[in-house]
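First comes the structure, then the notes that go with it.
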Amino acid sequence: DVQLQASGGGLVQAGGSLRLSCATSGFTFDDYAIGWFRQAPGRDREGVSYISSNGGATDYSDFVKGRFTISRDNAKNTVYLQMNSLQPEDTAVYYCAADRKVQYSIDPLKVAGYQHWGQGTLVTVSS
């Protein structure tokens, strides 16, 4: 079974940092692009960042550019999201997702582009 498990969330003050991890199993990790998404209370799930299967391509939503960095370790089947300069508006449940084909799409940050999803991890940023 394809499994993705996000972890690393928690409570942090504004301006602080967190690193999220997405541990995966059950599929050929090197073949899949991974995306990070978030969902705040009362809002739709939105794309945050994406990394291609070989790590050669990344993308970020405008609201995290310059603050968040995505990376992957194919030896550990894990993707990371380093989040710096966190703000209260970054408070949300963060999810990771995997798909083989999304990296060939025009917009790899679309929720609909991903087939496999993990459970989220809550990030709370206090002011």
Side-chain angles (χ1 to χ4, degrees):
D1 290 348
V2 173
Q3 294 191 0
L4 301 99
Q5 181 62 56
S7 62
L11 175 63
V12 63
Q13 288 188 330
S17 299
L18 284 173
R19 188 176 81 154
L20 304 184
S21 298
C22 176
T24 73
S25 63
F27 62 98
T28 305
F29 185 71
D30 297 12
D31 290 345
Y32 282 71
I34 305 293
W36 281 101
F37 297 81
R38 69 186 187 186
Q39 188 166 18
R43 300 188 64 174
D44 291 338
R45 192 170 298 187
E46 60 185 1
V48 174
S49 184
Y50 140 88
I51 188 165
S52 62
S53 59
N54 66 1
T58 59
D59 198 9
Y60 299 89
S61 292
D62 287 344
F63 47 79
V64 304
K65 278 181 181 176
R67 300 189 298 127
F68 291 12
T69 303
I70 192 170
S71 61
R72 66 189 291 156
D73 185 340
N74 283 12
K76 296 182 177 179
N77 293 353
T78 301
V79 171
Y80 304 97
L81 185 68
Q82 178 66 43
M83 306 188 297
N84 298 329
S85 301
L86 284 162
Q87 299 301 316
E89 51 266 35
D90 294 316
T91 294
V93 177
Y94 283 72
Y95 300 87
C96 57
D99 195 88
R100 290 189 66 178
K101 298 180 180 179
V102 70
Q103 58 194 332
Y104 307 113
S105 69
I106 294 175
D107 184 1
L109 292 178
K110 280 190 173 179
V111 171
Y114 290 79
Q115 181 179 8
H116 305 289
W117 291 81
Q119 294 183 330
T121 185
L122 176 62
V123 172
T124 303
V125 185
S126 63
S127 58

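Side chains included, hydrogens not; waters and symmetry mates left out as well; all remaining heavy atoms used.
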Legend entry - Gln3 side chain to Gly26 backbone, donor-acceptor under 3.5 Å: no
Inset, instruction - Give, for atom OG1 of Thr91 and atom CG of Leu122, the distance between the pair rounded to the nearest 0.5 Å. - result: 8.0 Å
Legend entry - Flag for Ser71-Gln82: side-chain donor and acceptor within less than 3.5 Å: no
Inset, instruction - Using the rule that two of Ile, Leu, Val, Met, Phe, Trp, Tyr join whenever any of their side-chain heavy atoms come within less than 4.5 Å, decide whether Val102 and Ile70 are in one cluster. - result: no
Inset, instruction - Report yes if some heavy atom in the side chain of Gln115 is under 4.5 Å from a heavy atom in the side chain of Val2; otherwise report no. - result: no
Inset, instruction - Could you check if a side-chain atom of Arg45 sits within less than 4.5 angstrom of a side-chain atom of Trp117, using non-hydrogen atoms only? - result: yes
Inset, instruction - Taking the side chain as every heavy atom from C-beta outward, state whether Val64 and Arg38 have any atom pair closer than 4.5 Å. - result: yes
Inset, instruction - Only one of Leu109, Val48, Ile51 passes side-chain contact (heavy atoms from CB on, under 4.5 Å) with Asp59; say which it is. - result: Leu109
Inset, instruction - Could you grab the distance from atom CG of Leu4 to atom SG of Cys96, nearest 0.5 Å is fine? - result: 4.5 Å
Inset, instruction - Group every Ile, Leu, Val, Met, Phe, Trp and Tyr by side-chain heavy-atom contacts under 4.5 Å, then state whether Val111 and Leu81 land in the same group. - result: no
Legend entry - Within 45° cone and under 6.0 Å: Arg72 NZ/CZ vs Phe29 ring: yes
Inset, instruction - Check for a donor-acceptor pair, side chain of Ser21 on one end and backbone N or O of Ser7 on the other, with a separation under 3.5 Å. - result: no
Inset, instruction - Indicate the ring-plane relationship of Phe37 and Tyr114, choosing parallel, tilted or perpendicular according to the 30° and 60° boundaries. - result: perpendicular
Legend entry - Single-linkage hydrophobic cluster, 4.5 Å side-chain cutoff, Leu20 and Val12 together: yes
Inset, instruction - State plainly whether one hydrophobic cluster holds both Val79 and Tyr32, where clusters connect Ile, Leu, Val, Met, Phe, Trp and Tyr through side-chain heavy atoms under 4.5 angstrom apart. - result: yes
Legend entry - Side-chain donor-acceptor pair present, Ser17, Asn84, cut-off under 3.5 Å: yes
Legend entry - Any donor-acceptor N or O pair under 3.5 Å, side chains Asn54, Ser52: yes
Inset, instruction - With sequence neighbours excluded, give me every ring-ring contact (aromatic ring centres under 6.0 Å, His included) pair touching residues 55-104. - result: none
Inset, instruction - Look at atom CD of Gln119 and say whether more than 12 heavy atoms of other residues, nucleotides or ligands are closer to it than 6.0 Å. - result: no
Inset, instruction - Kindly indicate whether the side chain of Val123, heavy atoms from C-beta on, has any atom under 4.5 Å from the side chain of Met83. - result: yes
